[in-house]
**Student:** 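Structure below; questions to follow.
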Amino acid sequence: GQQVMQIPQYQHVQEGEDFTTYCNSSTTLSNIQWYKQRPGGHPVFLIQLVKSGEVKKQKRLTFQFGEAKKNSSLHITATQTTDVGTYFCAGRAGANNLFFGTGTRLTVIP
Amino acid sequence: DTGVSQNPRHKITKRGQNVTFRCDPISEHNRLYWYRQTLGQGPEFLTYFQNEAQLEKSRLLSDRFSAERPKGSFSTLEIQRTEQGDSAMYLCAIAVGETQYFGPGTRLLVL
C-alpha cells in the first residue's frame, strides 16, 4: 500500500534558524499537500503542489515538489515562535484519498 | 473557524461501551471524510462520503465501526464495544476542491 514518510520526526531550532522537513512517497503522486497542526489543534491546510518540480512560496515558507513527484520538502526561513507545530505532508495518487505522512514536530527555542 | 464542528470534543468511556461522534459542516459540502489520529502520528483515513453515499472505507474500519450521513449534511461515527486501542482523536473533514478542512476533532479515551 501507499506509504508517505517524513524526516526528521522532531526538530528543535533556535529562533531565527532555518528549518526543513522532507517527505517521501513509495508511489508517484498526482499531487501533494502540506498541513500544519498546532499543539492541541487540528490540521490546517497550507498549500497544494501539482506539477513536477513545482516550487511555491508563502512568505518565509518554501514548498517544493520533486521532479519524479515522489518527494517534497518544506523549508522555513528564519523561524519564529509562531512556527511551532507539526508539519504534515499528504499525498494523493490519482483519485485516491489523502495519505498523511508521519509528520515533523518543530520546536522553536526563543 | 473551519466551518466544521464536532461533538463531543472529549469522550471518556469504559471498554466495551458504545460511543457515537457527530460532525456538522456549517454549509453543504458534497464530500466528507473521517480520520483517526493517534499520538505522534498523522491522520489515518477511515471513510469517505459523497453526499449521503459512503463510497470508501479503510481496512482500519473494523466491523465495530459504522458511519452514516443520512441527509448528506451531518455525519455520525459509531464505535461499538470500544477497546483501549480505539483511544485516539477522531477528525472529520470536508473537502472544497482538493483542499480538506478539518474540524476540531473528538478525543476519545477508552479506559
Side-chain angles (χ1 to χ4, degrees), chain A residues 1-11 21-26 29-51 54 56 58 63 65 72 74 85-107, chain B residues 1-10 21 23-26 29-50 53-61 67 77 88-109:
Chain A
Q2 184 172 0
Q3 289 187 328
V4 180
M5 302 298 293
Q6 274 183 260
I7 56 171
Q9 190 175 2
Y10 303 96
Q11 185 79 60
T21 174
Y22 301 90
C23 179
N24 290 285
S25 169
S26 57
L29 303 170
S30 58
N31 60 61
I32 195 159
Q33 298 180 358
W34 284 90
Y35 290 78
K36 176 183 178 181
Q37 187 172 21
R38 293 182 183 275
H42 55 271
V44 174
F45 174 81
L46 294 177
I47 208 159
Q48 175 172 281
L49 304 170
V50 179
K51 299 177 183 177
E54 187 171 14
K56 286 189 176 180
Q58 287 181 349
F63 304 85
F65 202 7
S72 181
L74 158 60
T86 301
Y87 292 85
F88 293 100
C89 63
R92 179 181 281 116
N96 290 341
N97 297 301
L98 282 176
F99 289 88
F100 280 79
T102 45
T104 296
R105 184 171 178 176
L106 173 64
T107 301
Chain B
D1 184 4
T2 64
V4 181
S5 64
Q6 290 187 246
N7 289 289
R9 295 292 306 277
H10 300 88
F21 311 139
C23 172
D24 281 271
I26 288 179
H29 294 280
N30 292 342
R31 290 172 291 148
L32 185 148
Y33 297 78
W34 283 98
Y35 291 86
R36 181 176 68 186
Q37 186 177 24
T38 54
L39 204 61
Q41 299 296 317
E44 296 173 294
F45 168 77
L46 292 179
T47 190
Y48 154 58
F49 288 87
Q50 174 87 23
Q54 189 173 18
L55 296 187
E56 191 168 344
K57 291 170 63 172
S58 163
R59 282 174 288 180
L60 292 173
L61 219 63
L77 177 68
M89 174 78 86
Y90 290 85
L91 293 160
C92 171
I94 52 94
V96 178
E98 297 205 48
T99 303
Q100 297 199 7
Y101 295 91
F102 285 83
T106 295
R107 187 172 294 280
L108 172 67
L109 177 61

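In what follows, every chain begins at residue 1, and chains take the letters A, B, ... in the order their sequences are listed.
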**Student:** Is the number of heavy atoms from other residues, nucleotides or ligands within 6.0 Å of CZ (A:R105) greater than 12?
**Tutor:**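 12 or below, so no.
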**Student:** If I take atom CZ from residue A:F99 and atom CZ from residue B:F45, how far apart are they, to the nearest 0.5 angstrom?
**Tutor:**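 It is 8.0 Å, given to the nearest 0.5 Å.
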**Student:** Mind checking what makes ring pair (Phe, Tyr, Trp, His ring centres under 6.0 Å) contact with B:F49, not counting sequence neighbours?
**Tutor:**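 Listed in chain order: nothing, the list is empty.
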**Student:** Any idea how B:F102 and A:F100 line up, ring-wise: parallel (<30°), tilted (30 to 60°), or perpendicular (>60°)?
**Tutor:**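 Rings of B:F102 and A:F100: perpendicular, over 60°.
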**Student:** I need the B:Q100 CD to A:N97 CG distance, nearest 0.5 Å.
**Tutor:**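 Here the interatomic distance stands at 7.5 Å.
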**Student:** Looking only at heavy atoms, which two atoms of B:T99 and A:Y35 are closest? And how far apart?
**Tutor:**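 Looking at all heavy atoms of both residues, the shortest contact is C-OH, 4.4 Å.
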**Student:** Side chain, backbone, both or neither: which part of A:Q37 has a heavy atom under 4.5 Å from chain B?
**Tutor:**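 Only the side chain of A:Q37 comes within 4.5 Å of chain B.
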**Student:** For A:F45, look at atom CZ and say whether over 12 heavy atoms of other residues, nucleotides or ligands are found less than 6.0 Å away.
**Tutor:**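 Enclosed: over 12 neighbouring heavy atoms sit under 6.0 Å from CZ of A:F45.
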**Student:** Tabulate, in ascending numerical order, the residues of residues 35-43 of chain B having at least one heavy atom closer than 4.5 Å to a heavy atom of chain A, or enter 'none'.
**Tutor:**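 Listed by number, the contacting residues are B:Y35, B:Q37, B:G40, B:Q41, B:G42, B:P43.
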